[in-house]
Amino acid sequence: MSAGRLSVIRQYEPHEIEEKWQAVWDAEGLYSVTEDSSRPKKYVLEMFPYPSGDIHMGHVRNYSIGDVIARYFTMRGMNVLHPIGWDSFGLPAENAAIKSDSHPATWTYANIEKQAASFRRMGFSYDWDRRLASSDEEYYRWGQWIFVKFWERGLVERKSSPVNWCPSCKTVLANEQVINDGVCWRCKSIVEKRELEQWYFKITEYAQELLDDLDALPGWPERVKAMQANWIGRSEGAEVEFTLCDEAGQPTAEKITVFTTRPDTLFGCTFFLLAPEHPLVHELVHDTVFAGPVSDVIDRAAKETSIDRSSTERDRNGAFTGRYVINPVNGEKVPVWVADYVLMEYGTGAVMAVPCGDQRDFEFARKYGLPIPPVVVPKDDPLYERLKDETERVVSDVDWESAHADEGIMVQSGSFTGTPTGKHGEGVTRVIAWLEERGHGRASINFRLRDWLISRQRYWGNPIPAIHCPVCGLVPVPVEQLPVVLPMDVDVTKGETLADHPEFYTTTCPECGGAARRETDTMDTFTCSSWYYLRYCDARNDDAIWEKDKADYWMPVDQYIGGIEHAILHLLYSRFFTKVFRDMGLVEFAEPFTNLLTQGMVKLDGHTMSKSRGNVVAPELMIERYGADALRAYILFMAPPDKDLEWSQEGLEGMYRFLSRVWRYVAQTAEASPLGETDPGEGAQALRRERHRVVGKVEEDIERFQFNTALSAVMELLNTATDYRRAASQEQRDVALEREVAETLVLLLAPYVPHMAEELWREVLGHDGSVHRESWPSWDAAAAAAEEIEVVVQVNGKVRARLIVAADAPEESVREAALISPKVIEHIAGKTVRKVVIVPGKLVSIVAT
RNA sequence: GCCCGGGUGGCGGAACAGGCAGACGCGUCGGUCUCAAAAACCGAUGAUGGAAACAUCGUGCGGGUUCGAUUCCCGCCCCGGGCACCA
């Protein structure tokens, strides 16, 4: 094209420009921000990375999404905070140190530098002044401060209970960190149960609010909210107290409380169950003939892994303890059994068994020959007619195949007989009222959520600031003595932890001054990531965790971007921290992340890229070949951000080709004589319309995160522009319009391909300032609208003709034009037109029979 | 079992809010340029039939609503994810 042109147009060479602009932006401080009350703020944040080594495609995708959003908001006139840091405590550093015979810190900080360099090469618009690493003393000291403050608020607890132990990581794990039926979230080993004394954050105190406030997060994916709601697992029901009897059946002073969602079925409780781990079990059977069989059940349960325990079709085992409890509703003596399907972790570890209404109890009753008296029957069951007026128990067994857990009518249930009932039925309310009046129970809510186990028996983490004093007990390290510095002379290659370092743990009690021992466990790394987004607001503050005004200016995060794998880990913990901070008066809001985008995975051949599978495509290699800009644009072009995508090298080449075409178009436009006449022709008008339409489209698409279709629209604009240039003669070209189109292309692409856009803007188009300080191009809906439009004509639902009509043509004339078009006449020949539907500006639908 | 997603050409994907299914890109095929190739550019590309005009079919399956359904409703199938012996 443009044959005979004398000057040589520069080609698109990403490597000649990318590093150059990265250095310029740094020097100009382009992405440093401060609070500015005159402009609306936006806080755009991607989940900070673990410094695992080289960056991978998942990073490229995550951070490219955030970068486009941040740059777009900046162009829209917002004051945008877009920080980066590293989640740099954690086990992989210890493992790597052992392998390479070095120190976790060496490995960690080397990786941080490596990743930071990669992020710079990608051209991400971070405010590097706010950079942080959670393993820095200036950071983790505030994590310890949080621990002490939580302690003051009664949110820290040290207790003994059955916990998850990962034999490979050699540490305990929180419930949230045990995934897929009992494997460690990090190393995928099968987790064991151990009874250990550990540190907890009392997240359960916030269970209700964590659940309720999900409704206040319309900007979160439904999927994530559903997962959190599931995890919190709220159940409504009642606590019921059963009095324990002695061997002779005489009531004792001891009461055992159970939680049930179906207090309306109390009359059908024919046995009572305790979890094998229940503290009372041993005492009940001690020195009796029942001790042997009960121990068998306990031993068997203890040997099972969580995998066995959760397998569905599983035999239920139990043993009678020889003891009884009294059913409060009818005074009946009910045998107490130990059963392996009762979980110590849920409710009180004791269950009232109602075999007619619960499938597990039903199966257990059948196996051990226990009675199954029906107490809730559906009206269509033959038992209903027989029992509908029976208040006393006359039937003690059913011929059912399974338990009846659905709605029905209460029978054999004393004064409640005849009451309709079910999960939320009238019977439930009435029985609860009855129990409350007599002091046998109360309405109650139970949560599946457990307290957050935060102690870890590993070196490379934030030391728990607590002291064990033989006199004063557990004492927090006073805040003015913080931080408890993690010593660097621990040799993890020899398997050492803080517990092997007397220099570390030997101390004095801050209360009594006596000899004491420092806590040697470190905190779960998820405690570090639960508040980093707040620290970015005031990252260099040495006097306070953050200045409240700064946090209140920037927070909450307007757009958070990260992987779905944190749906109930990091995202739940961070919500909890934020609510506590609010109660402490540190912030004014209750939720940290207003909008959440969970990006999909990057796959190759249908599998996630992984070193072990050997299907990793290295981003660095792609940058070398095609430049960071093409990589950024391409990873966004492949699919909407929340969907998984399949990597394709050919596709990346296509993106590079597109960028080269943009480059050529802009370069040729910049060279063209600006003296061209204004071209009133249809081609120029169409191009002008397309320019306006595309700006509007790209704007709309970015705002709903459809980066793929936004880029498609830019491609369409380029296609229209090159078509126009080819079709228009040299003399008639509207060079001013082409210049406008070229600048528009550069501005629209600036968030995606920041280096190329900058080079074209400053060096090729000759502007003084950075394209990244420019405003988003304006557009006008009227200018985007065509004067003439194509209207489709359907006859009986099939497209038979197309009409070109004026955009403002009245319906009646469109109707006439449709009915007289030759194709339509052909298809309605011999038929009667029954109906004509006109959709303005779109189509005419003719019904003829 | 319960709760979320999803199913559209050879491939990635598009279709705002019931209105031309397949935008845009990849791949493939054909062409221009070239001694030749690469690059670049131009054109074709859902399936079937046809030389073509065109016709019929087509968004997981079966129904329904509607002038008109990828879109709404009912009933299924398949795939992915979460929870699950939770009382």
Side-chain angles (χ1 to χ4, degrees), chain A residues 1 11 179-181 221-235 237 258-262 265 273 275 309-316 339-343 345-354 357-361 363-364 405 446-449 564-565 567-568 634 637-640 642-655 657-658 660-661 664 697 700-701 704 706 708-716 718-719 722-723 726 790-802 823 834-848:
Chain A
M1 61 163 41
Q11 294 299 301
I179 56 168
N180 297 341
D181 288 337
E222 281 308 317
R223 185 154 71 119
V224 174
K225 289 192 280 186
M227 282 164 74
Q228 290 211 356
N230 251 339
W231 186 260
I232 294 167
R234 183 183 193 272
S235 304
V258 298
F259 173 78
T260 176
T261 55
R262 294 297 301 274
T265 63
L273 301 172
R309 200 148 177 165
S310 64
S311 73
T312 28
E313 288 311 311
R314 187 169 154 273
D315 205 24
R316 306 181 198 293
D340 62 359
Y341 68 95
V342 178
L343 306 173
E345 303 93 85
Y346 187 77
T348 60
V351 172
M352 59 174 240
V354 182
D358 182 286
Q359 186 57 26
R360 295 156 299 174
D361 298 342
E363 288 167 20
F364 192 82
N446 203 44
F447 291 94
R448 208 189 72 94
L449 181 71
I564 187 77
E565 68 274 15
I568 40 185
Y634 180 57
F637 177 67
M638 290 168 94
D642 53 331
K643 286 178 102 182
D644 288 354
L645 62 77
E646 178 71 29
W647 179 258
S648 146
Q649 179 93 13
E650 292 75 26
L652 177 57
E653 282 167 26
M655 180 55 69
R657 266 201 299 273
F658 165 69
S660 302
R661 286 181 62 213
R664 271 199 307 278
K697 168 81 174 155
E700 186 190 311
D701 284 353
R704 57 188 184 117
Q706 300 285 315
N708 53 336
T709 50
L711 281 164
S712 295
V714 179
M715 290 173 178
E716 284 168 340
L718 179 67
N719 289 346
T722 50
D723 285 350
R726 190 163 358 97
E790 192 183 72
V791 169
V792 169
V793 185
Q794 295 183 343
V795 178
N796 292 336
K798 290 203 169 96
V799 179
R800 297 300 183 185
R802 290 157 195 282
K823 271 282 167 193
R834 303 283 176 194
K835 192 173 180 179
V836 179
V837 179
I838 297 176
V839 180
K842 283 197 171 141
L843 98 173
V844 179
S845 181
I846 299 164
V847 188

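In what follows, chains carry the letters A, B, and so on, assigned in the order in which the sequence lines appear, proteins first and then strands, with residues in each chain numbered from 1.
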What one-letter contact string describes nucleotides 5-17 of chain B from 5' to 3', where B marks a base within less than 4.0 Å of any protein heavy atom, S marks contact via sugar-phosphate atoms alone, and - marks no contact? -------BSSSB-
Summarise how protein sits on nucleotides 62-72 of chain B as a single string, 5' to 3': B when a protein heavy atom is under 4.0 Å from the base, S for sugar-phosphate-only contact, - for no contact. -----B-----
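L711(A) has its CG atom 10 Å from the C1' atom of C24(B), to the nearest Å. For the pair E565(A) CD and C83(B) P, the computed distance is 13 Å after rounding to whole Å. The separation between I564(A) atom CD1 and C4(B) atom C1' is 10 Å, rounded to whole Å. The distance from atom CZ of F658(A) to atom P of A23(B) is 17 Å, rounded to the nearest whole Å. In this structure, E650(A) atom CD and C24(B) atom P are separated by 21 Å, rounded to whole Å. Taking atom CG of residue D723(A) and atom P of nucleotide C41(B), one finds them 12 Å apart after rounding to whole Å. If you measure from atom CD1 of I232(A) to atom C1' of C3(B), you get 14 Å, rounded to the nearest angstrom. Summarising the geometry, the separation between CD1 on I179(A) and C1' on C83(B) is reported as 14 Å, rounded to the nearest angstrom.
With sequence neighbours left out, the side-chain contact (heavy atoms from CB on, under 4.5 Å) criterion links D358(A) to R360(A), D361(A). For W231(A), there are no ring-ring contact (aromatic ring centres under 6.0 Å, His included) partners at least two apart in sequence or on another chain. Under the side-chain contact (heavy atoms from CB on, under 4.5 Å) criterion, R661(A) pairs with R664(A), L718(A), N719(A), T722(A), sequence neighbours left out. Taking the side chain to side chain donor-acceptor pair (under 3.5 Å) definition, one finds that R800(A) meets it with H827(A), sequence neighbours left out. Residues that satisfy the side-chain contact (heavy atoms from CB on, under 4.5 Å) test with Q359(A), not counting sequence neighbours, are F362(A), E363(A), S402(A), A403(A). By the side-chain contact (heavy atoms from CB on, under 4.5 Å) test, D701(A) pairs with K697(A), R704(A), Q706(A), T709(A), A710(A), sequence neighbours left out. For Y634(A), the ring-ring contact (aromatic ring centres under 6.0 Å, His included) test picks out W647(A), with sequence neighbours left out. N796(A) pairs by the side chain to side chain donor-acceptor pair (under 3.5 Å) definition with nothing, not counting sequence neighbours.
Residue contacts shown for N446(A) are absent, as no nucleic acid heavy atom lies under 4.0 Å away. Among the heavy atoms of the strands lying under 4.0 Å from G654(A) are primed sugar atoms or P, OP1, OP2 only; no base atom is included. Backbone-only engagement by R800(A) is indicated by non-hydrogen atom pairs under 4.0 Å involving sugar-phosphate atoms exclusively. When heavy atoms are screened at a 4.0 angstrom cut-off, R661(A) is found touching the sugar-phosphate backbone but no base atom.
Taking atom C1' on both nucleotides, C35(B) is separated from C20(B) by 48 Å, rounded to a whole Å. Comparing the same atom, P, in U28(B) and in G22(B) gives a spacing of 24 Å after rounding to whole Å. Distance noted for atom C1' between G64(B) and A53(B): 37 Å (whole Å). Using P as the reference atom, A47(B) and A23(B) are 13 Å apart when rounded to the nearest Å. Comparing the C1' positions of U8(B) and C61(B) gives an interatomic distance of 15 Å, to the nearest angstrom. Using atom C1' as the reference point in both A14(B) and U70(B), the two lie 11 Å apart (nearest Å). Comparing C57(B) with U34(B), their P atoms are spaced 49 Å from each other, to the whole Å. Between C41(B) and G60(B), the distance separating the two C1' atoms is 41 Å to the nearest Å.
Using a 4.0 Å cut-off, no side-chain N or O of N230(A) falls inside it from OP1 or OP2 of G81(B). Considering only side-chain N and O atoms, R360(A) lies nowhere under 4.0 angstrom from the phosphate OP1 or OP2 of A84(B). Listed pair R657(A) / G25(B) fails the phosphate criterion, with no side-chain N or O lying under 4.0 Å from OP1 or OP2. Between R726(A) and C42(B) there is a side-chain N or O to OP1 or OP2 distance below 4.0 Å.
Residues M227(A) and F259(A) both approach RNA chain B. Their nearest nucleotides, taken by heavy-atom distance, put M227(A) toward the 5′ side. Between V839(A) and T260(A), the residue anchored closer to the 5' end of RNA chain B is V839(A), taking for each the nucleotide with the nearest heavy atom.
Taking each heavy atom of K823(A) and A801(A) in turn, the nearest pair found is CB-CB, 4.1 Å.
The shortest distance between side-chain heavy atoms of Q794(A) and L843(A) falls below 4.5 Å. Here the side chains of V844(A) and V836(A) are in contact, with some heavy-atom distance below 4.5 Å.
Relative to the side chain of R448(A), the nucleotides U56(B), C86(B), G25(B) differ in distance, and C86(B) lies closest. For E790(A), taking side-chain heavy atoms from C-beta onward, the closest of the listed nucleotides C20(B), A87(B), U56(B) is C20(B). Listed candidates were A87(B), C42(B), C83(B). Nearest to the side chain of W231(A) is C83(B).
A glycosidic torsion no more than 90° from 0 defines the syn conformation, and G9(B) adopts it.
Not a single donor-acceptor pair under 3.5 Å links the side chain of R234(A) to the backbone N or O of A229(A). Using a distance-only test at 3.5 Å, with no hydrogens or angles considered, a donor-acceptor pair links the side chain of Q228(A) to the main chain of A567(A).
Pairs of Watson-Crick or G-U wobble type, with distances under 3.5 Å, assemble into runs of 3 or more in RNA chain B at these ranges: B:1-7 with B:77-83, B:10-12 with B:24-26, B:27-32 with B:40-45, B:46-49 with B:54-57, B:60-64 with B:72-76.
Sorted by first then second residue, the salt bridge (charged side-chain N to carboxylate O under 4.0 Å, His left out) pairs that include residues 834-845 of chain A, not counting sequence neighbours, number zero.
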